[in-house]
Amino acid sequence: MKKVILVFAFLVIAMNLTAQTEEELKATLASKKDSIAAIQGRANALQAQLDALPGWKIGAFGTIGGSLSDFNNWFAQGVPNNSSGNIGFNFNAYANLKQKKFFWRNALTVNLAWVKVDNKDIDTDEEGFTGTTDVFNLSSLYGRNLSEKLAVSGLLEYRTTILDNFNDPGYLDIGVGFTWMPVTDLVVVIHPLNYNFVFADNDSVFESSAGAKIVADYTRRIGAINFKTNLSVFQSYEDNDLSNWTWTNSFSYTLWKAIGVGFDFGLRNNRQEALNFALAQDPPTATSFDDLDNELQSFWTIGLSYAF
């Protein structure tokens, strides 16, 4: 009986010591996390001060995604013997000059993707990879400061595809107006005097016109996070069918050194491109802007990211 009582007492004491040790460790861990958060907060504040200094700020980040698959005698699907692969990447780069009286902001966005599906039972499918996502955007914004948050500015923006039909169509916006910078890293461009040059072989669909250009861009790096969102809108003064807008977003989180995970997606509305595609179908799915089914364009990529 005495042995049982001693064993029971020993177990109670051991459990109390373990519980006490666990609570102490949790309390110590909590204090360490608070210390890390405080250090990160001070580091972010110092980085914000560095970003506010005059001079060049240059950076880049991107996302790479891809997959491979192979099926043999997988009868549950329509093509039981096939192999497929896809790869895509997004690249964002910027070079911004900030001075007391003026600024010059330059940005490049490239998003490309390829896919290949090989049906092993036939010999008529296409060889090699086919481009699926094809986005190229280059912009340059110069401004003279009127105040801390407002500037008179000029913008040049060029958009096209590079894998297929380079510069067909291609869009070149040139305009002047004002740039508003309400908070750090957010730039809003409002240019009521803008001309949208459109380069394309099909002159019956694509047409250049004058209009207003509106751009909102937010690019920021916070610790391990890189983030960029850009909305570019052209509103034609001549015909709403000549207007267009594009919204692109890029996000990456660094996990180890410069490598992490990234996600990119974009939305686009362009009636001229939609009509050109509809007229190229056999038979055509539209005859003019009046009977056009203008569906929203979109893309997304997820995969590994790399911060330069």
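If you chain together hydrophobic residues whose side chains sit under 4.5 Å apart, Y142 and F178 never meet in one group. Two different hydrophobic clusters hold L304 and I302 under the rule that ILVMFWY side chains link at heavy-atom gaps under 4.5 Å. In the hydrophobic clustering of ILVMFWY residues, with side-chain heavy atoms under 4.5 Å counting as a link, V183 and I190 come out together. No continuous path of ILVMFWY side-chain contacts below 4.5 Å connects L255 to I222, so the two sit in separate hydrophobic clusters. Follow the hydrophobic side-chain contacts under 4.5 Å out from V188 and you never reach W247; the two are in separate clusters.
Hydrophobic cluster membership of V187, counting Ile, Leu, Val, Met, Phe, Trp and Tyr whose side-chain heavy atoms lie under 4.5 Å apart directly or via other members: F103, L141, L155, M181, V189, V215. Residue L193 belongs to a hydrophobic cluster whose other members are V176, with links defined by side-chain heavy atoms closer than 4.5 Å. Counting side-chain heavy-atom gaps under 4.5 Å among Ile, Leu, Val, Met, Phe, Trp and Tyr, the cluster of F299 also holds V135. Other residues sharing a hydrophobic cluster with F289 under the 4.5 Å side-chain heavy-atom criterion for ILVMFWY residues are Y171, V198, V205, F206, L275, L279, L292.
Q281 contributes a side-chain N or O that, together with a main-chain N or O of F277, makes up a donor-acceptor pair within less than 3.5 Å. Of the possible polar contacts, none joining the T161 side chain to the L163 backbone as a donor-acceptor pair under 3.5 Å is found. Listed for the N106 side chain is a donor-acceptor partner under 3.5 Å among the backbone atoms of A95. Judged by distance alone, with hydrogens and angles left aside, the side-chain atoms of E157 form no donor-acceptor pair with the main-chain N or O of L172 at under 3.5 Å. With T160 contributing its side chain and N167 its backbone, the two residues share a donor-acceptor pair below 3.5 Å. Judged by distance alone, with hydrogens and angles left aside, the side-chain atoms of T109 form no donor-acceptor pair with the main-chain N or O of N137 at under 3.5 Å.
Using a 4.5 Å cut-off on side-chain heavy atoms (C-beta onward), T179 and R105 make no contact. Counting heavy atoms from C-beta on, the side chains of K57 and K98 never come closer than 4.5 Å. Annotation: side chain of L112 is in contact with side chain of F89 (closest heavy-atom distance under 4.5 Å). I174 places a side-chain heavy atom less than 4.5 Å from the side chain of F197. At least one side-chain heavy atom of F251 sits under 4.5 Å from a side-chain heavy atom of I225. Within the 4.5 Å cutoff, no side-chain heavy atoms of W245 are placed close to those of Q235. Residues F136 and Y158 are in side-chain contact: their nearest non-hydrogen atoms beyond the backbone lie under 4.5 Å apart. Inter-residue side-chain proximity for T301 and N111 is flagged as met; some heavy-atom pair is nearer than 4.5 Å.
Put simply, CG on N230 and OH on Y218 are 14.0 Å apart, with the number rounded to the nearest 0.5 Å. Atoms NZ and CG, on K116 and D118 in that order, are 5.0 Å from each other to the nearest 0.5 Å. Here S209 contributes atom OG and N240 contributes atom CG; the two are 10.5 Å apart, rounded to the nearest 0.5 Å. From S208, atom OG reaches atom CG of N196 across 6.5 Å, with rounding to the nearest 0.5 Å. Of the inter-residue distances, the one linking N92 atom CG with N90 atom CG reads 4.5 Å to the nearest 0.5 angstrom. Note that OG of S83 and CG of N72 are 9.0 Å apart. Values are rounded to the nearest 0.5 Å.
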Distance-only criterion, 3.5 Å: show the donor-acceptor pairs between side-chain atoms of residues 260-269 and protein atoms not counting sequence neighbours.
residue	atom	partner	partner atom	Å
D264	OD1	S250	OG	2.6
D264	OD2	T63	OG1	2.9
R268	NE	E273	OE1	3.2
R268	NH1	T246	OG1	2.3
R268	NH2	E273	OE2	2.9
N269	OD1	N294	ND2	3.2

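Residue Y94 places its OH atom among more than 12 non-hydrogen atoms of other residues, nucleotides or ligands, all under 6.0 Å distant. Around the CH2 atom of W56, the shell of radius 6.0 Å holds more than 12 heavy atoms that belong to other residues, nucleotides or ligands. In W104, the CH2 atom is not crowded: 12 or fewer heavy atoms of neighbouring residues, nucleotides or ligands sit closer than 6.0 Å. Annotation for Y253: atom OH does not count as buried by contact number, only 12 or fewer foreign heavy atoms lying within 6.0 Å.
D70 pairs by the salt bridge (Lys or Arg N to Asp or Glu O under 4.0 Å) definition with K120, not counting sequence neighbours. Partners of S69 according to the side chain to side chain contact (heavy atoms under 4.5 Å, CB included) rule, which considers only residues two or more places apart in sequence or in another chain, are F71, S84. Shown here are the salt bridge (Lys or Arg N to Asp or Glu O under 4.0 Å) partners of R220, two or more places apart in sequence or in another chain: D185. In this view, R271 and D241 satisfy the salt bridge (Lys or Arg N to Asp or Glu O under 4.0 Å) rule, not counting sequence neighbours. Every residue two or more places apart in sequence or in another chain was checked for a salt bridge (Lys or Arg N to Asp or Glu O under 4.0 Å) with K149, and none qualifies. Residues satisfying the side chain to side chain donor-acceptor pair (under 3.5 Å) criterion with N226, sequence neighbours excluded, are absent altogether.
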Test side-chain hydrogen bond (donor to acceptor under 3.5 Å, both in side chains) applied to D217 and T219, step by step: CA-CA 6 Å; D217 184 275; T219 303; 2.9 Å; yes
Derivation of the side chain to side chain contact (heavy atoms under 4.5 Å, CB included) call for F199 and D168: CA-CA 6 Å; F199 311 100; D168 182 24; over 6 Å; no
Side chain to side chain contact (heavy atoms under 4.5 Å, CB included) evaluation trace for D239 with E207: CA-CA 10 Å; D239 194 324; E207 182 179 346; over 6 Å; no
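Nearest approach of P182 to L186, heavy atoms of both residues: CG-CD2, 3.6 Å. When all heavy atoms of P192 and G177 are compared, the pair lying nearest together is CD-CA, 4.0 Å.
A donor atom on one side chain and an acceptor atom on the other are found under 3.5 Å apart for K213 and S232. Using a 3.5 Å distance cut-off with no hydrogens or angles, the side chains of N244 and R159 do pair a donor with an acceptor. No side-chain donor-acceptor contact under 3.5 Å links N119 and N82. Under 3.5 Å, the side chains of Y237 and N194 contain no donor-acceptor pair of N or O atoms.
For residues 283-307, no pair satisfies salt bridge (charged side-chain N to carboxylate O under 4.0 Å, His left out), with sequence neighbours left out.
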